[in-house]
*Asks:* 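What follows is a single structure, and I will ask about it in a moment.
Proteins come first, then strands; the chains are lettered A, B, ... in the order of their sequence lines, and each starts at number 1.
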Amino acid sequence: LSARSPSEDAYDVAVVGAGDVGAAIARELARFELRIALIEAGPDVGAGTSKANTAILHTGYDAKPGTLEARLVARGHDLLLSYADEVGIPVERTGALLVAWNEEELGRFGAIRENAERCGYERVAQISAEELYRREPHLGAGALGALEVPDEHIVCPFTPPLAYATQAVLAGVDLRRSEPVTRLERGDGGWQVGTSRGRLAAKWVVNAAGLRSDEVHAMAGRDGFTVTPRRGELIVYDKLARPLLSHTILPVPTATTKGVLVAPTVFGNVMLGPTAVDIDRKDDTSSTAEGLAYLRSLAPRLLPELAEYEVTAVYVGLRAATEHGDYVIGVDGGERYAWAGGIRSTGLTASLAIAEHVRDELDRAGLELRERPGGLPSVRMPNIGEAAPRPYAEPERIAADPEYGRIVCYCERVTRGEIRDAARSPIPPADLDGLRRRTRALMGRCQGFFCAAHLPAILAEHSDRSAAESTESPQ
Amino acid sequence: VSDGAARHERCEVAIVGGGPAGLAAATALGRAGVDGVVVLDREVEAGGIPRHAKHQGFGIRDLHRVMSGPAYAAGLAEGASEGGAEIRAEAQVTGWGTDGGLAITAPGDRYELDARAIVLATGCRERPRSARLVPGSRPQGVMTTSTLQQLVYLRGQTPGRRAVIVGAEHVSFSALLTLSHGGARAVAMVTEQPEHQTFAAFRLGGGIRFRCPLHVRTRLSSIRGRRRVESVELTNLDTGETREVECDLIVFTADWIPDHELAVLAGVELDPLTRGPAVDAALRTARPGVFAAGNLLHGAETADIAALSGRHVAGGVARYLDGEPWPDSRVPIRCEAPIGWIAPNAISAGSGVPPRERFLLRATEKLTRPRIEPVQDGRPLWSGRLRRLGPGRSTPLPPDWISRVEQGGGPVTVRLL
């Protein structure tokens, strides 16, 4: 790479990383007269650490008061809640119950409420054991009481980054998938961004590279944080277990972890997890015998009947933890470089607030923000949650378009019509995993026993990609 | 699932699932002169699992001939149609309507079907890797026998080159055959049991022609590989010794779980051991008008046995339509370890004898010449020796003792003597 001035066709901003954070930033900046590239190393939007989180819409009641994270989670919660309504991201307003299983935990309730209030969240309320069991009759015996966190909801983990990126793409952002950034070089008035496919020029670079954000930071010639991936294993139980639970059940957090929760999912399952183990490799998303055994050992106390239900899936997510107790977000106006690192499990909740914050910081640092007339194009994402009707159960929709009556993933009731829609959407899936996140196909209890052999062809039928290219097993 | 906007339709008998059990039930109902039989199948074509099991060996017990799976499936569908049943493919029952009808999604149509009698014949599936909690990475190249057979026989694809088969039951040897047809070689077959659990003849067919080392008392303890499977770790359960086997395909076979969702949503009681609906000898569930047949009742039997179960249920359905009252009480049959399950698993008055005049029995470990005794309230109802009993393959238990069960008494327990 040779240092040269950005040409006329240089991007104004290159956002590195299309997870929750990067996609939200690209969307936010797409409101303005800017030429933007959203560059993703993986095959899809939200296919890195964003795809395997606990899918909780956090209030930030347990954040560290005064931190950037506390502020952005609180703000992000409200932003995402109204954005979800606007674009059709599945959310269920379940609330959470933080349960004390011994006197010591009960004794910490006062401090937890005080912490919540210092974070600006004032709706935490204590309920008696009797009231707890009235609300959650299947909970294991021995709970002494609970704190209700009424705004700690469950959200679809897959739709948000897709919605952000879809809006960004419709507003003219160039989404470049499967294109890892390999090098950043400072030239006059901007950056040369080297990628696996060549290079591009950008006046500003925004690093939202998640697990790799420290590496991109180093490419920009900086240090200051190191990402240590923290593995979280999750077990997803069969939908038949869903009636066991109506809130998210949280443990009393310790100094190091939020602990293992059991929660309903917007897809109608019950989820148990996550574990929290620091590991070395950023690509090691293996589950472990120890982690799964540990999670299963907790079920008898939390929700004894859970053990009678089948396990549908096991997921492993890596949190992008750093040595700092807070998000690491900053902008260097001189260098025309911004970074958003150390965004841990709260990143989904905070994403829209992080984007706002980064926008403001960029504005202050000298990025010219002229609003585009008409604002962002509106989008409506396909509903993949259980709280609202899905195409298979909508008679009028099926009558108008027979393809919505042709179920091809039996467990999750995904129709051909939805697969066609995904294939023709502004950001079509690159593989079956991408199809899964857009439609729920292959996410169910059979894990492909009935449909895995046929889905690639159905997807290919509506795409310009060949069936052979996407043939793969789902498990 | 309920939907006020959906239109309603009526029929005499709705059969959910157009596999061997459902189609054989439809055929037998036609022969018994029952009109208005509708078979609902969610696949593009009825026939069930045999549609994509393209080897010989179907039809032996029910049709007394040897056929390939696809020919057998086509024959069953033809028989049901000729008997007057209406087969609706691509019609999935997604739940129960508000008035007890079946909520159905089909191309261009969402409706509720109200039937006087319902036969659940939704079959069973193999537990996938996730349900078996096998740790490791999540690469491509991990599947169940069903997916393997569909890939090879319906889509003509090469699923991989070097395969490890988990399980050593009939279906595992069927996977072995499929692999060879698909151009893959099985490099290992692993079972946690001390030996395979299939008939010698079947094993000869698979084992000799497509020789593959069988690792007994062995667990597949981890999966490795990034995009594609690269290897598996095998652990010997007795010695704890581990070894790594290179492969690019893992086939999880057997370890069946009934597809019992609709039954559960109907509020039908499940047998805790089979995980299928608890039924009496006439295959009646605890919910009036709802019957269950075939492999929904228990982990898989072969297709011909499922079909005979379907043929059997038709008798009870016809009697019910003629006004035979639904039993208002029944005595459950429980099993004492190491007996794994029994089916049927309830006794009610006037139920007659089970399909093929036998109960099916399995154990969680291999037992040679065990003496079996069903008892009720401490009173032995029968006792006798069986030739063998074990996992993965059923042993018949004579039903002579049904008449000695007291309807008002406690549960029957089947135990070893």
*Asks:* Under a 4.5 Å cutoff for heavy-atom pairs, which residue among A/R296, A/K239, A/R416 has the most contacts with chain B?
*Replies:*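 The candidate making the most pairs under 4.5 Å is A/R296.
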*Asks:* Given that the side chain runs from C-beta out, which part of B/V134 has a heavy atom under 4.5 Å from chain A: side chain, backbone, both or neither?
*Replies:*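 For B/V134, backbone heavy atoms alone lie under 4.5 Å from chain A.
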*Asks:* Out of B/L133, B/L249, B/D109, B/I250, which one racks up the most heavy-atom pairs below 4.5 Å with chain A?
*Replies:*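 It is B/L133.
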*Asks:* Salt bridge between A/E310 and B/R127, side-chain N to carboxylate O under 4.0 Å?
*Replies:*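 Result for this pair is yes, salt bridge flagged.
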*Asks:* Could you check which of B/G136, B/A91, B/S221 has the highest count of heavy-atom pairs closer than 4.5 Å to chain A?
*Replies:*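 The option with the most such pairs is B/G136.
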*Asks:* To the nearest 0.5 Å, what is the distance between CD1 (A/I398) and CZ (B/R110)?
*Replies:*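 Output value for this atom pair is 6.5 Å.
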*Asks:* Which residues pass the salt bridge (Lys or Arg N to Asp or Glu O under 4.0 Å) test with A/R197, sequence neighbours left out?
*Replies:*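 For A/R197 there are no salt bridge (Lys or Arg N to Asp or Glu O under 4.0 Å) partners, ignoring immediate neighbours.
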*Asks:* Heavy-atom distances under 4.5 Å only: say whether B/E43 touches chain A with side chain, backbone, both or neither.
*Replies:*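 For B/E43, heavy atoms of backbone and side chain both lie under 4.5 Å from chain A.
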*Asks:* Where on B/L154 is there a heavy atom nearer than 4.5 Å to chain A: the side chain, the backbone, both, or neither?
*Replies:*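 For B/L154, the side chain is the part near chain A, not the backbone.
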*Asks:* Quick one: does B/T105's side chain have a donor or acceptor within less than 3.5 Å of a partner on A/Y392's backbone?
*Replies:*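 Checking the backbone N and O of A/Y392 against the side chain of B/T105, a donor-acceptor pair under 3.5 Å is found.
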*Asks:* If every non-hydrogen atom of A/A452 is compared with every non-hydrogen atom of B/T147, which pair is closest and at what distance?
*Replies:*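 A/A452 and B/T147 have their closest heavy atoms at CB-CG2, 3.7 Å.
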*Asks:* Is the number of heavy atoms from other residues, nucleotides or ligands under 6.0 Å of B/R224 CZ greater than 12?
*Replies:*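 For B/R224, atom CZ is crowded (more than 12 foreign heavy atoms under 6.0 Å).
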*Asks:* Let me know if B/R275 has heavy atoms under 4.5 Å from chain A in its side chain, its backbone, both or neither.
*Replies:*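 Only the side chain of B/R275 comes within 4.5 Å of chain A.
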*Asks:* With a 4.5 angstrom heavy-atom cut-off, which part of A/Y237 approaches chain B: side chain, backbone, both or neither?
*Replies:*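 No part of it gets close to chain B.
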*Asks:* Would the distance check show the side chain of B/S137 and the main-chain N or O of A/S286 forming a donor-acceptor pair, the cut-off being under 3.5 Å?
*Replies:*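 Side chain of B/S137 to backbone of A/S286: no pair is present.
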*Asks:* Among the options B/G108, B/P159, B/A106, B/A131, pick out the one with the most heavy-atom pairs lying under 4.5 Å from chain A.
*Replies:*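 Going by pairs under 4.5 Å, I would pick B/G108.
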*Asks:* Quick one: does NZ or CZ of B/R138 land under 6.0 Å from the six-membered ring centre of A/Y315, within 45 degrees of the ring axis?
*Replies:*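 No; the conditions do not both hold, so B/R138 does not lie above the ring face of A/Y315.
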*Asks:* Rounded to the nearest 0.5 Å, how far does CD1 of A/I407 lie from CD of B/E90?
*Replies:*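 B/E90 atom CD to A/I407 atom CD1 measures 10.0 Å (nearest 0.5 Å).
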*Asks:* Please output the side-chain donor-acceptor pairs of residues 302-309 of chain A that fall under 3.5 Å, not counting sequence neighbours, one pair per line with the distance.
*Replies:*
| residue | atom | partner | partner atom | Å |
| --- | --- | --- | --- | --- |
| A/E305 | OE1 | A/H138 | ND1 | 3.3 |
| A/E305 | OE2 | A/H138 | ND1 | 2.8 |

*Asks:* Would you please go through residues 261-273 of chain B and name the residues with a non-hydrogen atom below 4.5 Å from one of chain A, in numerical order?
*Replies:*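 Near chain A, by residue number: B/E261, B/V264, B/L265.
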*Asks:* Below 4.5 Å from any heavy atom of chain A, which atoms of B/I104 appear? Answer side chain, backbone, both or neither.
*Replies:*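 Contact with chain A: none, neither part.
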*Asks:* Taking all heavy atoms of A/D238 and all of B/R125, pick out the closest pair and write down the distance.
*Replies:*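 Minimum heavy-atom contact is OD2-NH2, 4.5 Å.
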*Asks:* With a cut-off of 6.0 Å (strictly less than), are more than 12 heavy atoms of other residues, nucleotides or ligands near CG of A/D280?
*Replies:*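 Open.
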*Asks:* Has B/S146 got a side-chain atom pairing as donor or acceptor with A/F449's backbone, closer than 3.5 angstrom?
*Replies:*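 It does hold such a pair.
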*Asks:* Is it the side chain or the backbone of B/I49 that comes within 4.5 Å of chain A heavy atoms, both, or neither?
*Replies:*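 The answer is the side chain of B/I49.
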*Asks:* Working to the nearest 0.5 Å, report the span between NE2 of A/H454 and CD of B/Q150.
*Replies:*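 These two atoms lie 4.0 Å from each other.
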*Asks:* Which atoms of B/R155 are under 4.5 Å from chain A, going by heavy atoms: the side chain, the backbone, both sets, or neither?
*Replies:*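 The side chain, not the backbone.
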*Asks:* Give the minimum heavy-atom separation between B/Q92 and A/Y410, together with the two atoms involved.
*Replies:*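 Smallest interatomic distance, heavy atoms only, reads NE2-O, 3.0 Å.
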*Asks:* Identify, with sequence neighbours excluded, every residue that meets salt bridge (Lys or Arg N to Asp or Glu O under 4.0 Å) alongside A/D283.
*Replies:*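 A/D283 satisfies salt bridge (Lys or Arg N to Asp or Glu O under 4.0 Å) with A/R281, B/R226 once adjacent residues are dropped.
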*Asks:* What part of B/H260 gets within 4.5 angstrom of chain A, counting heavy atoms only: side chain, backbone, both, or neither?
*Replies:*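 Side chain only.
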*Asks:* Testing the basics here: between A/R445 and B/D259, what is the closest heavy-atom pair and its distance to 0.1 Å?
*Replies:*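 That closest heavy-atom pairing would be CD-OD1, 4.5 Å.
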*Asks:* Quick one: does any side-chain atom of B/S130 pair with a main-chain N or O of A/V314 as donor and acceptor, under 3.5 Å?
*Replies:*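 No, the answer is negative, given that no donor and acceptor are paired below the 3.5 Å cut-off.
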